[in-house]
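Along the sequence shown, residues carry numbers from 1.
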Amino acid sequence: MRHIPTPTEPRLGLAGLNFRDLFRAEGLQRLDDEFLARLNAHDPVRRAALLAYRVDSKTLSALELSELLLACAPPLDDFIAELFGIEAEIAALRAATRAHDPVFAFKKQFVQKRAKRRLLAEEDIEDFATLDRWLDQELERAKLQTISTNPPSPAPAGGEAEAGKGPVDLFPAERAHRILVRPGGNKGRGPHHTDRELAVARYADGLLADAERNKDAIEQLTRWCIRALTTPTGRACVAGWVSFRLPQPLHPQQLVPLSALANDPLGRVQGPPEHARRRDGFALTDTRMSARAVQNEVNYCIYCHDHDGDFCSKGFPEKKGEPDKGLKVNPLGVTLTGCPLDEKISEMHSLKRDGRSVAALAMAMVDNPMVPATGHRICNDCMKGCIYQKQEPVNIPQIETRCLTDVLALPWGVEIYDLLTRWNPLRARQWLPKPYNGCKVLIAGMGPAGFTLAHHLLMEGLAVVGIDGLKIEPLPEAIVAGPIRDYHRLEEALDTRVMTGFGGVAEYGITNRWDKNFLKLIYLSLLRRPRFQVFGGVRFGGTVTVEDAWHLGFDHLAICIGAGLPQALPVPGSLAPGMRQANDFLMALQLTGAAKRENLANLQVRLPAVVIGGGLTGIDTATEIQAYYIVQVEKLLARYEALSAAKGEAGVRAGLDVGGLEILDEFLAHGRAVRAERERARTADAAPDLQGLIRQWG
């Protein structure tokens with residue numbers, strides 16, 4: 001019987017294939033055959049080269065491999081668009097991505113090439129306000145000439161204006177997706193200036209189309225850029241504009257600028273106060289770069305793959321072309337190994353630059369199918385190995401994560417990612433799952449090492465059972481069965497989400513600086529594999545031993561338990577009252593739900609608090625203590641008042657000893673201070689200064 005897709009299933013654009021076929025070996029093989037047939041019709045030479053690459057990837061040089069994959073990636077982008085019936089949405093995403101291009105041309109031609117080079121010259125230039133009024137008039141005039149609600153059309157070539165009519169095409173017609181781009185620095189400028197940076201960039205592009213005729217306006221715009229770079233008013237006007245964000249020199253011994261705390265007897269230092277976030281609670285603390293900021297990083301890259309200089313991927317050699325001489329060590333003593341996965345970073349960037357977001361994600365997933373678990377806030381070895389060593393490197397992790405999130409934002413984006421984990425024709429190995437070979441593997445630990453190993457073993461045709469000491473919550477059957485049209489079905493607010501327990505240290509050890517919804521993508525992808533099972537609450541060495549694994553019929557055992565078990569330090573008094581292991585604190589905070597206002601978890605913190613150690617665990621602990629303390633005292637105050645109303649205040653306090661009463665009164669006083677600060681902030685229509693209270697208390 002022919003399968004008829006339900007309204008909630010994608011209508012696959014390939015005859016005879018339905019959504020369930022994408023999870024069957026024969027369906028994936030047909031998909032691969034169809035892609036190769038399309039590639040053959042488009043470029044038979046590339047198809048033959050791709051098949052040869054699958055047989056023996058070592059026959060290609062690094063440059064030949066880059067050329068081959070970059071030639072095959074755009075057809076894959078189009079193929080997936082047709083497969084899921086989202087050609088219009090992918091075309092819109094591509095157009096939205098390319099719509100930022102004028103900003104980077106403006107940055108190069110005016111901010112860097114003209115204005116920056118004249119910063120040290122003593123010039124008599126008008127004040128910024130005068131220049132800004134002139135620019136507003138120019139933008140308004142250009143807008144009135146060309147603004148249109150019709151679909152965008154190619155901009156006319158420069159020099160087509162009639163004699164005496166002035167420059168042409170100063171501000172090309174607004175695109176339909178203009179409202180999607182909202183960089184900062186545009187407040188108070190009216191509805192048609194919702195994106196003034198782009199308006200200025202298009203105006204500049206129009207001027208350069210006939211530079212000789214527009215030389216006076218070009219000079220005036222250059223002066224405006226100089227003042228925007230050098231005056232407080234100008235810098236405030238372009239705050240948030242990527243076109244005015246210039247790479248800063250790197251000072252290895254001062255990667256974070258520090259300043260002394262005023263009148264501090266202990267000589268403590270702090271980072272730039274303007275960079276501090278007023279954190280309140282446990283929502284995601286870093287929502288990542290905007291689309292334009294990411295494209296700015298993409299355009300900052302110099303695309304080293306075409307001359308085998310992509311050190312971000314392969315490592316920074318002591319001498320180019322002679323890897324046997326070893327890798328460089330930076331001034332901080334870090335060996336510049338580049339990406340540990342050898343991800344094809346430069347190729348990914350070139351595809352993202354061109355708006356090929358699905359192809360860019362597929363390129364990243366050639367070597368890194370677990371891309372949700374890497375990227376921004378997770379790893380930065382690639383940045384350390386970037387060709388820019390004396391100035392800020394390209395923010396590769398932000399780009400990688402943006403490639404993923406742009407695809408997830410498409411209809412069926414979750415299914416596109418999931419499909420690329422199982423089928424990726426750009427891979428030399430594991431472009432398809434191999435047939436089941438009868439081998440069974442037990443993996444102890446479902447953290448990053450465990451779930452990554454599980455994926456690769458499944459692709460190689462093995463059956464996998466994962467166990468973890470944490471309780472692992474099942475995902476709803478409707479989500480596992482799929483399909484999922486909108487990624488929002490998976491997303492949960494980090495301050496209210498239920499901990500699934502899947503992901504090990506990624507679940508409990510990483511704070512809310514990273515979006516843990518990405519863990520659910522990986523968990524979902526594994527649960528959908530027919531030869532994968534996972535069990536939580538199983539302690540390796542206790543519930544299950546090595547001997548048990550053999551008795552249960554497993555052929556192999558992989559131990560991926562990491563460093564999750566807190567270890568007592570060989571320091572006298574390290575477990576005395578008031579002392580706690582940092583990783584134990586993070587685990588208790590996350591897994592007991594102590595951070596949730598409705599939970600009654602027993603996790604007590606007093607201030608002042610001292611964190612010993614400055615690694616990732618120490619930094620995470622320092623930030624989480626501050627956020628948790630506010631939640632803790634507010635929860636206690638609310639419950640104390642509720643219990644006092646029901647039992648009387650004396651009844652509540654009766655069961656506490658002297659020490660307990662001291663702590664109670666301290667927390668109550670702090671809770672009331674937090675309440676007062678929130679009330680003050682509401683009256684002033686401002687964010688509460690909770691960090692100021694934390695500093696008062698220690």
Side-chain angles (χ1 to χ4, degrees), residues 3 5-6 8-10 12 14 17-32 80 83-84 358 361-362 365 368-373 404 407-408 410-425 427 430-437 440-443 446-448 450-468 472-492 498 500-503 506-507 516-536:
H3 176 83
T6 69
T8 58
E9 283 193 19
L12 299 186
L14 298 178
L17 272 182
N18 62 60
F19 174 72
R20 304 299 160 188
D21 289 330
L22 301 182
F23 297 87
R24 302 184 182 110
E26 59 273 17
L28 290 174
Q29 184 62 61
R30 286 169 57 198
L31 190 68
D32 190 59
I80 289 178
L83 175 66
F84 286 92
V358 174
L361 178 63
M365 291 178 66
N368 182 16
M370 300 290 100
V371 69
L404 173 65
V407 171
L408 292 177
L410 291 167
W412 312 114
V414 172
E415 304 304 340
I416 292 172
Y417 162 74
D418 195 19
L419 175 62
L420 288 172
T421 64
R422 302 187 303 278
W423 170 73
N424 188 335
R427 292 184 191 135
Q430 297 183 353
W431 64 89
L432 283 173
K434 294 180 180 178
Y436 180 47
N437 59 22
K440 297 176 285 295
V441 179
L442 177 66
I443 298 179
M446 280 286 101
F451 63 63
T452 302
L453 178 61
H455 162 78
H456 287 291
L457 292 178
L458 290 165
M459 292 297 290
E460 291 294 329
L462 289 80
V464 174
V465 172
I467 59 173
D468 200 283
I472 296 182
E473 301 287 347
L475 292 181
E477 183 56 36
I479 289 178
V480 177
I484 299 171
R485 185 185 188 279
D486 298 309
Y487 175 58
H488 296 304
R489 280 188 63 193
L490 290 185
E491 283 188 299
E492 297 176 275
V498 175
T500 66
F502 177 86
E507 174 72 288
K516 296 187 182 182
N517 286 294
F518 290 156
L519 274 179
K520 196 181 294 186
L521 278 174
I522 296 172
Y523 187 19
L524 173 66
S525 177
L526 290 175
L527 287 179
R528 286 176 164 185
R529 312 289 178 92
R531 294 190 299 276
F532 176 79
Q533 289 181 298
V534 63
F535 299 94

(Q) Once rounded to the nearest 0.5 Å, what's the spacing between atom CG of Leu521 and atom OH of Tyr487? (A) 5.0 Å

**Q.** Contacts of Pro411 that satisfy side-chain contact (heavy atoms from CB on, under 4.5 Å) - sequence neighbours left out
**A.** Ile86, Glu89, Arg485

Q: With sequence neighbours excluded, tell me which residues meet side chain to side chain donor-acceptor pair (under 3.5 Å) with Asn424.
A: none

Q | Interatomic distance, Tyr417 atom OH to Leu361 atom CG [nearest 0.5 angstrom] | A | 8.5 Å

Q | Side-chain heavy atoms of Val414 within contact of Leu524, under 4.5 Å | A | yes

Q.
What's the separation between atom OG1 in Thr421 and atom CD in Gln430, rounded to the nearest 0.5 Å?
A. 10.5 Å

Q. Listed by chain and number, what are the ring pair (Phe, Tyr, Trp, His ring centres under 6.0 Å) partners of Phe451, not counting sequence neighbours?
A. Phe502

Q. Does Leu22 reach the side chain of Asp418, with side-chain heavy atoms less than 4.5 Å apart?
A. no

Q: Report the residues that fulfil salt bridge (Lys or Arg N to Asp or Glu O under 4.0 Å) with Arg531, sequence neighbours left out, ordered by chain and then residue number.
A: none

Q.
Under the rule for salt bridge (Lys or Arg N to Asp or Glu O under 4.0 Å), what residues qualify as partners of Glu460, not counting sequence neighbours?
A. Arg429, Lys434

Q: Output the distance between atom CH2 (Trp431) and atom CE (Met459), rounded to the nearest 0.5 Å.
A: 10.0 Å

**Q.** Contacts of type ring pair (Phe, Tyr, Trp, His ring centres under 6.0 Å), residue Phe23, not counting sequence neighbours
**A.** Phe19

(Q) Which residues pass the salt bridge (Lys or Arg N to Asp or Glu O under 4.0 Å) test with Asp486, not counting sequence neighbours? (A) none

**Q.** Euclidean distance, Phe535 CZ relative to Ile472 CD1, rounded to 0.5 Å
**A.** 10.0 Å

(Q) Which residues pass the side chain to side chain donor-acceptor pair (under 3.5 Å) test with Thr452, not counting sequence neighbours? (A) none

Q. What pairs with Arg529 under salt bridge (Lys or Arg N to Asp or Glu O under 4.0 Å), at least two apart in sequence or on another chain?
A. none

Q: Using the test side chain to side chain donor-acceptor pair (under 3.5 Å), find all partners of Lys520 that sit at least two apart in sequence or belong to another chain.
A: Glu492

Q. What residues form a side-chain contact (heavy atoms from CB on, under 4.5 Å) with His488, not counting sequence neighbours?
A. Glu491

Q) Who are the side chain to side chain donor-acceptor pair (under 3.5 Å) partners of Arg427, not counting sequence neighbours? A) none

Q: Measure the spacing between CG of Leu83 and CG of Leu17 and express it to the nearest 0.5 Å.
A: 7.5 Å

Q: Please say which of Arg489, Arg528, Arg20 ends up in a salt bridge (Lys or Arg N to Asp or Glu O under 4.0 Å) with Glu415.
A: Arg528

